[in-house]
**Q** 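Supplied in structure tokens, the structure appears directly below.
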Amino acid sequence: MKRIAAYIALAFVAILTPTQLCAQTSSRMDEAMRKLIMATVMTNNFYVDSVDCDKLVEDAINGMLSKLDPHSAYSNAKETKSLNEPLQGSFEGIGVQFNMLDDTLLVIQPVSKGPSEKVGILAGDRIVNVNDTAIAGVKMSREEIMRRLRGPKNSKVKLGIKREGIKDIVYFTVTRDKIPVTTLDAAYMVTPTIGLVRFSSFGQTTHDEVVKAVNELKAKGMESLIIDLQQNGGGYLNAAAEIASEFLQKNDLIVYTKGRNVPRQEFRSTGGNLFAGKIVVLIDEYSASAAEILSGAIQDQDRGLVVGRRSFGKGLVQRPIDLPDGSMIRLTISHYYTPTGRCVQKPYELGNKEEYHKDVLNRLNNGELTNADSIHFPDSLKFQTLREHRTVYGGGGIMPDYFIPLDTTLYTRFYREISAKSLIVNTNLHYMDKNRKKLAKQYTTFEDFNANFEMPDDVIEKLFEDAKKQKIAPKDDEERNATIPQVKRTLKALAARDIWDMSEYFQIIYADNEMVKKAVELLQ
């Protein structure tokens, strides 16, 4: 009983300051706490069957949070570590990008200057055993394989490698190290004077990654910048503020937050002066949280234009509350507001997370994602930007200055089905496994590859045959013919990624992207 009471008490102490504790130790609060502890203790001691005490407490926490907003949540110790790694900028392991090919771990690329590259592991190698335990051909889960490969810095792991052209298994001893986790997906020149940076989240290293990428693009002649935040789910608020500071004037308001028991807090630009040229920001219905802070600040301060579709609408700030066993509560403590005073959070009903997460589907069904004329705002949701006094809109998400409808015909039904079954990815893995060295030798530059390479027809035919075996087929020749160029482009982009990196992948994928084309048009 003491352990349960202490556990619950610690959780509340982590949330409340001493002043707040004094203010809230009313008889009503005391009664509620006694009730919760008594219910837990009585269940643990007198329930007909044995119970898991820790599970009881976890269920109680989850039960409380489920009645609140959609973003307050509990995660156990394992989930907390997994959630934090992508944002904290590193994890400890062997340093390879990999995928699973026919139940075998295939190295796509070793991390540059990472522990695996240092001992001589190459792209195309197959890791077949770890510390003399087979991981290939035994249907081991991806999570279990990753658990075996990861480990504390300076610990050693023995890897058995099957390499093309070598009959026997080759063994390497890898000393694990800190492996950087980057959030920057792409940085390249779209035209001789327009650069593009794309990042997938806002983590601890995102600011430094963006600064480095922008400086490199400026050295290549960049005069205007596209910031691509499509499908960026957010991350650290401070990271968004740091990046916004690089583009705004000193002391410009970036965002402010306030809540019931949290006073107003303002984030203002320090005037980083990273880039003074014209800016266009790309957003879509999956751009959320910190992505909305950055796009909202640039829009409200008239620093640039926003192109795309209304963003997700997550304007709630969560405070992480660490619990003694490594688990965590993320508790919503305030709303955030753009410089003009827009609350970005879309409406929600307490405790109804299911309906909240259907919002994007509802937008598609009511036509908002495909037709700008279907969107109407009352006067109460109209705001004026701070310098040019343009009309912008509140009420949930960032509404772009230029609307780009979702192209529901971009991919055929047949393409979507073979993609969902991982047939395209697997086709790429097989093709690159056989042709990686030949392609790297034939195409010494990405420009040459992009201009002259096309995925062979027999590769596409083999992909369609594999789809047929899984009972996936085009409805007619028209759908088949429409799918072929879509598949060829994706496979070409994946091949470019494997030879070079993600920037080259996006250069191919974005060649006819309507948002990028509109951004270029506006910047020119």
Side-chain angles (χ1 to χ4, degrees), residues 94-112 114 116-117 119-128 135-137 142 145-146 149 159-167 169-170 172 179 182 185-186 188 411 415 418-467 469-470 472 483-511:
I94 65 168
V96 294
Q97 297 178 31
F98 72 92
N99 215 323
M100 300 305 296
L101 175 64
D102 300 333
D103 204 20
T104 302
L105 188 154
L106 177 68
V107 176
I108 303 299
Q109 283 182 347
V111 173
S112 178
S116 290
E117 185 183 73
V119 300
I121 292 175
L122 305 173
D125 284 349
R126 289 169 165 80
I127 301 178
V128 295
I135 65 169
R142 188 185 184 101
I145 291 172
M146 290 179 68
L149 293 176
L159 304 179
I161 300 288
K162 190 78 179 78
R163 180 172 291 172
E164 185 181 359
I166 298 178
K167 182 179 179 182
I169 293 175
V170 184
F172 296 87
I179 309 301
T182 59
D185 291 333
Y188 64 92
Y411 296 110
Y415 176 96
I418 59 177
S419 177
K421 291 288 187 179
S422 299
L423 290 169
I424 297 176
V425 169
N426 288 336
T427 296
N428 168 71
L429 291 173
H430 282 287
Y431 179 78
M432 292 303 296
D433 191 39
K434 295 178 181 177
N435 296 280
R436 180 179 282 102
K437 290 181 180 178
K438 184 179 77 172
L439 291 174
K441 185 177 180 181
Q442 183 177 353
Y443 299 103
T444 56
T445 67
F446 170 70
E447 289 71 24
D448 184 19
F449 175 88
N450 195 24
N452 299 302
F453 175 78
E454 184 175 339
M455 192 59 64
D457 290 336
D458 63 324
V459 175
I460 308 302
E461 290 302 319
K462 175 67 167 58
L463 167 59
F464 287 3
E465 288 173 12
D466 292 341
K469 291 175 184 176
Q470 295 199 30
I472 305 172
T483 304
I484 290 173
Q486 297 170 357
V487 171
K488 281 192 171 185
R489 169 170 288 180
T490 303
L491 287 173
K492 180 177 179 177
L494 290 170
R497 178 205 65 184
D498 291 358
I499 300 171
W500 289 281
D501 212 331
M502 289 299 292
S503 287
E504 287 73 20
Y505 170 88
F506 278 104
Q507 285 184 65
I508 293 172
I509 290 295
Y510 276 0

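We use all heavy atoms of the structure for the numbers below, so side chains are in, but hydrogens, waters and symmetry mates are not.
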**Q** Dump the intermediate steps for side-chain contact (heavy atoms from CB on, under 4.5 Å) on Ile169 and Ile161, then the final yes or no.
**A** CA-CA 6 Å; Ile169 293 175; Ile161 300 288; 5.6 Å; no
**Q** Evaluate the side-chain proximity of Leu122 to Arg163: yes if any heavy-atom separation is below 4.5 Å, no if none is.
**A** yes
**Q** Let me confirm one number: the CD1-CD1 distance from Ile145 to Ile135, rounded to the nearest 0.5 Å.
**A** 5.0 Å
**Q** Would you say Tyr505 and Asp185 make side-chain contact, with heavy atoms under 4.5 Å?
**A** no
**Q** Rounded at 0.5 Å granularity, tell me how far CE in Met432 sits from NZ in Lys438.
**A** 10.5 Å
**Q** Taking atom CD1 of Ile418 and atom CD1 of Ile424, what is their separation to the nearest 0.5 Å?
**A** 4.0 Å
**Q** Just verifying a value: how many Å separate Leu463 CG and Met455 CE, rounded to the nearest 0.5 Å?
**A** 10.5 Å
**Q** Can you pull the salt bridge (Lys or Arg N to Asp or Glu O under 4.0 Å) pairs that have at least one residue in residues 443-455, sequence neighbours excluded?
**A** Glu454-Lys488
**Q** Which residues pass the ring pair (Phe, Tyr, Trp, His ring centres under 6.0 Å) test with Tyr510, not counting sequence neighbours?
**A** Phe506
**Q** Mind checking side-chain contact (heavy atoms from CB on, under 4.5 Å) for Val425 and listing every partner two or more places apart, or none if nothing turns up?
**A** Asn99, Leu429
**Q** Can you name the residues that form a side-chain contact (heavy atoms from CB on, under 4.5 Å) with Lys437, not counting sequence neighbours?
**A** none
**Q** I'd like to check the side chain to side chain donor-acceptor pair (under 3.5 Å) partners of Thr483; sequence neighbours left out, ordered by chain and number.
**A** Thr412
**Q** Who pairs with Gln442 by side chain to side chain donor-acceptor pair (under 3.5 Å), at least two apart in sequence or on another chain?
**A** none
**Q** I'd like to check the side-chain contact (heavy atoms from CB on, under 4.5 Å) partners of Gln97; sequence neighbours left out, ordered by chain and number.
**A** Ile108, Gln109
**Q** Would you mind reporting whether Ser116 and Phe172 have side-chain heavy atoms less than 4.5 Å apart?
**A** no
**Q** Which pairs would a plain distance check flag for residues 489-504, meaning a side-chain donor or acceptor within less than 3.5 Å of a matching protein atom at least two apart in sequence or in another chain?
**A**
from: Arg489; atom 1: NH2; to: Asp512; atom 2: OD2; distance (Å): 3.1
from: Thr490; atom 1: OG1; to: Tyr415; atom 2: OH; distance (Å): 2.7
from: Thr490; atom 1: OG1; to: Gln486; atom 2: O; distance (Å): 3.1
from: Lys492; atom 1: NZ; to: Asn450; atom 2: O; distance (Å): 2.7
from: Lys492; atom 1: NZ; to: Phe453; atom 2: O; distance (Å): 3.1
from: Asp498; atom 1: OD2; to: Asn428; atom 2: ND2; distance (Å): 3.2
from: Ser503; atom 1: OG; to: Ala187; atom 2: N; distance (Å): 2.9
from: Ser503; atom 1: OG; to: Ala187; atom 2: O; distance (Å): 3.4
from: Glu504; atom 1: OE1; to: Asp501; atom 2: N; distance (Å): 3.1

**Q** Listed by chain and number, what are the ring pair (Phe, Tyr, Trp, His ring centres under 6.0 Å) partners of Tyr188, not counting sequence neighbours?
**A** none
**Q** Please tell me if the side chains of Lys462 and Tyr431 come closer than 4.5 Å, counting only heavy atoms from C-beta onward.
**A** no
**Q** For Arg126, enumerate each residue passing the side-chain contact (heavy atoms from CB on, under 4.5 Å) test, keeping only those at least two apart in sequence or located in another chain.
**A** Leu101, Thr104, Leu106, Val128, Lys162, Asp433
**Q** Side-chain contact, heavy-atom cut-off 4.5 Å: Leu105 with Leu149?
**A** yes
**Q** State the CG-OH distance between Asn452 and Tyr443, to the nearest 0.5 angstrom.
**A** 6.0 Å
**Q** Between Val487 and Thr427, is any pair of side-chain heavy atoms under 4.5 Å apart?
**A** no
**Q** Mind checking side chain to side chain donor-acceptor pair (under 3.5 Å) for Lys167 and listing every partner two or more places apart, or none if nothing turns up?
**A** none
**Q** Hey, could you give me the CE/CD1 distance between Met146 and Ile94, rounded to the nearest 0.5 Å?
**A** 10.0 Å
**Q** Given side chains that start at C-beta, do those of Ile472 and Leu423 come closer than 4.5 Å, heavy atoms only?
**A** yes
